[in-house]
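One structure below.
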Amino acid sequence: MAQILLLTRALTPSNAVLPGLELLSHHIKVMSPEPTALITAPEVDVILIDGRTDLPAVRSLCRLMETTGNTSPIILITTEGGLAAVTHEWGLTDVLLVDASPAEIEVRIRLATTSKAVTAQTDVEIRAGELHIDEATYTAKLRGRALDLTFKEFELLKFLAQHPGRVFSRDQLLSEVWGFDYFGGTRTVDVHVRRLRAKLGPENENLIGTVRNVGYRYVTSPVTDSESHEVLV
């Protein structure tokens with residue numbers, strides 16, 4: 001039996017959101033998808049989101065849940081017409097149609113919870129040269145020294161370190177780290193890179209390289225003369 005959190009603004013009972021769910025023996029808690037409620041939401045095995053209407057709001061909700069550190073699998077409940085709007089940027093584990101049978105709902109919940117268990121057992125530490133990042137505790141250490149980073153600084157450093165040597169434009173970083181719903185400009189990326197370099201220290205600031213007129217990359221080896229087009233800004 002899984003512990004399930006159903007996020008919906010519907011005034012009707014949960015069996016109207018996903019009728020087949022009521023025929024299963026899982027424990028279901030229903031909450032309104034308000035930001036304050038998400039922070040105090042109990043830890044559950046699976047989160048179901050009612051996406052039958054107002055998909056833009058649901059997309060924003062998914063992005064918000066990502067920033068609050070949610071680790072539970074997220075399954076979207078939507079209509080067949082709503083499938084066209086769903087992309088991988090939503091951070092969903094799976095999608096269910098509102099008329100899904102109890103058997104289909106059961107297997108998707110089982111697969112989602114199994115995936116969560118496997119993920120929890122894997123190594124969540126990212127290593128890039130002498131930089132160690134622990135996603136589970138949101139900590140980053142460079143040569144054993146803990147870095148005092150804000151959430152976005154941590155996310156930016158983590159993303160770059162996950163792709164050492166690869167160059168990302170400011171637009172790409174803004175999309176990947178801040179999300180499509182962020183309305184700020186690319187200057188935000190420059191500001192955070194500058195702050196990151198300051199916290200890395202003068203001897204390590206070149207770990208984040210600038211490729212002129214292109215973007216930024218994480219550098220795991222010293223810059224050579226052939227790479228002299230890389231400068232700090």
How about [X] and [Y]: does a side-chain donor come under 3.5 Å of a side-chain acceptor?
X	Y	answer
N204	R197	no
E153	H192	no
H26	E106	yes

For the side chain of [X] and the backbone of [Y], is there at least one donor-acceptor N/O pair under 3.5 Å apart?
X	Y	value
D45	T113	no
R63	E89	yes
S32	R9	no
T8	D50	no
E176	L173	no
K141	L147	no

Check ion pair [X]-[Y] (N to O, under 4.0 angstrom):
X	Y	value
E205	R194	no
K158	E155	yes
D148	K199	no

Please report the interatomic distance [atom1]([X]) to [atom2]([Y]), rounded to the nearest 0.5 Å.
X	Y	atom1	atom2	result
L174	D171	CG	CG	7.0 Å
Q3	S72	CD	OG	11.0 Å
I208	Y218	CD1	OH	8.0 Å
R110	I105	CZ	CD1	13.0 Å
L131	R145	CG	CZ	10.5 Å
I28	L5	CD1	CG	10.5 Å

Of the non-hydrogen atoms in L18 and V98, which two are nearest, and what is the gap between them?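 Scanning both residues completely, I find the closest heavy atoms to be CD1-O, 3.7 Å.
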Is there a ring-ring contact (aromatic ring centres under 6.0 Å, His included) between F168 and F159? Walk through the geometry before answering. CA-CA 10 Å; F168 292 92; F159 181 79; 4.8 Å; yes
Dump the intermediate steps for side-chain contact (heavy atoms from CB on, under 4.5 Å) on L55 and W90, then the final yes or no. CA-CA 11 Å; L55 282 176; W90 291 38; 4.0 Å; yes
Could you check I75, L61, L96 and say which one makes a side chain to side chain contact (heavy atoms under 4.5 Å, CB included) with I49? L61
If you count the non-hydrogen atoms of other residues, nucleotides and ligands that lie under 6.0 Å from CD in E203, is the total more than 12?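 More than 12 within 6.0 Å, yes.
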